[in-house]
Amino acid sequence: MENCETSLDKDDFNEAVRSCADAYIYILNEFPAVRDALQAILDNEIVKEGLSTGSIRNAPLMWPRYGAKINLDTDKPEVTFDRRHMSFVEAINYQEFTLALIFDVQNDDFEVDPSKVRSGI
Amino acid sequence: MKFGLFYELQLPKPYGSDDWDPEDEYRLFHEALDQIELADSLGFDYVFEVEHHHLEEYAHSAAPEIMLAAASQRTKNIRLGHGITLTPPPYNHPGRVAERISTLDLISDGRVEFGTGESSSWNELDAYGIPWDEKKAMWEEGTRTAVRMMTETPFTGIDGNYVQFPERNVVPKPLQKPHPPLWVAGGRRETVLTAARLGMGSLGFSFETPEEAEERVNTYWRIMREECRPIGEAVNPGLIVLSQFACAPTEEEAQRRSGDGGAFFSFALNHFYSPMTGPHHAHGRTNIFKEFNDTPEEERMARIQARSQDQLADLVRTETALAEKEPENENARALWRAARARAAVGTPDQVRDFVKSYEDSHQDVMLFIAQSGSRKHEDIMESIDLFGRNVLPEFKERHETEHVKWRNERLEQFQFEVNSSI
């Protein structure tokens, strides 16, 4: 996340997002309980519907669906960029998401009842 | 704290019909202008109008620039807020946005608030060909470009991801310099933080409690002071909260005036914004108001995990509702908060107590959703009048003597030019 901050200062938004993605993947690999909790969210029918119609960008624990995607169905998840350039606002939103997740995991406060996920933007 | 009115221009369909009466929309717009005119005469500081498209019944305010232009000629002091202009370029080319904002600013003697946003309903985004995962980037580029067009002479051109435009001197320029106060809409915590980092006011659509609002205020001001990278040439530190509103001499009459306004607002919002219902809306055929009335209260709860603000008393008595955890997702959370937050519904004393708690947390502006659901124009006018005469003056006085001083102490630490109407 320090690298993310440095990259933001240099206006290198792609690198800032990549740093966040690395941190996110690291968390999922190091904390299987987080991955399990994420899977429960992804199995929620509203999240599934939203993802299938492309009408959801955010859900608890889920990597935000802006211009960078992470495929978790592979052995070695990595970030892919939809566009050549991430915007500043996308980068800082990824940063806020990742920092909040780190904070929640550190405090062992990442469990979310999937039934509470009702809608999303 | 300052006060204003917030308009979606809701128009529930008649219960037993697939269409409105021919005069319904005509009446809706003209009544809203009367309400704005009254609010201006009583000293309300703001009116904000949304821009939504195709969200029938929920929001008929599709061309706020026209409504605000009309309001500008019927009012003297009230500030005219876009709440918001959709700035992803497929909705509105930034060149046209700059021209419209500037023109409205000129004809209103510099009373424009330039609110911006992405939009978040499938019905709107899909119709205009805006991918969900690109709208944030589109919003940023559209907003930055529109502001540059208002301030650069000449605009030096852009070869962006979403806008290509040559060097031109975009005229007219706005009366307010360097540009009208900038706002961004959002209910998510991240959006509020984004507003601070970009030096924009936050139009909060999340129906925060006073306690949440206080935490948000502190974080917002700290980020704007320490981490701001302004999107424009002047920053607009400001936080707006929304509340349902109905005021009357007795609590019973206030509840009657409020009617189904809060509940229908939440129901219709959920209809369009939920992935389960929004994409399946039958355009021109779905009667949301009928569905709303035909849906048992318990099922409404299950759908939106929320209750109307008007039914706070019921909510408080419902242990299960109290025990429910706040939804994690942003739309549901906004609805849930809308239900749980007390609302500015009641006698002048009750409304005073309610809004005072937000004043104490240093919120800058509270916008009232007075026109909502099937509330009657006459009731809305009387609510505005009662609040304007009995409650508003003391808040205006404290704003000038206390809140402005509080803000100035913080603004002294800013390194950026400030253009704010607060």
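What's counted below: heavy atoms across the whole structure, side chains too, no hydrogens, waters or symmetry copies. Just so it is clear: chains get the letters A, B, ... in the order the sequence lines come, proteins before strands, and each one is counted from 1.
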Report task. Using the ring pair (Phe, Tyr, Trp, His ring centres under 6.0 Å) rule, take B:H54 and B:H283 through it: C-alpha gap first, then chi angles, then the decisive distance, then the call. Result -> CA-CA 8 Å; B:H54 331 126; B:H283 307 284; 7.6 Å; no
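Neither the backbone nor the side chain of A:R84 comes within contact range of chain B, judged by heavy atoms closer than 4.5 Å. Heavy atoms of B:L198 lying under 4.5 Å from chain A belong exclusively to its side chain. Heavy atoms of B:E140 lying under 4.5 Å from chain A belong exclusively to its side chain. Contact annotation for A:F13: only side-chain heavy atoms (C-beta onward) come within less than 4.5 Å of a heavy atom of chain B.
Aromatic ring orientation, A:F97 versus A:W63: perpendicular (interplanar angle above 60°, classes split at 30° and 60°). Using bins of under 30°, 30° to 60° and over 60° for the plane-to-plane angle, the ring pair B:F272/B:Y58 lands in the tilted bin.
Of all the listed residues (A:R83, A:E90, A:M86, A:E45), the one sharing the greatest number of non-hydrogen pairs under 4.5 Å with chain B is A:R83.
A salt bridge is defined here as a Lys NZ or Arg NE, NH1 or NH2 lying under 4.0 Å from an Asp or Glu carboxylate O, and A:E15 with A:K10 fails to meet this definition. A:E96 has a carboxylate O that lies under 4.0 Å from a charged side-chain N of B:R197, or vice versa, which qualifies the two as a salt bridge.
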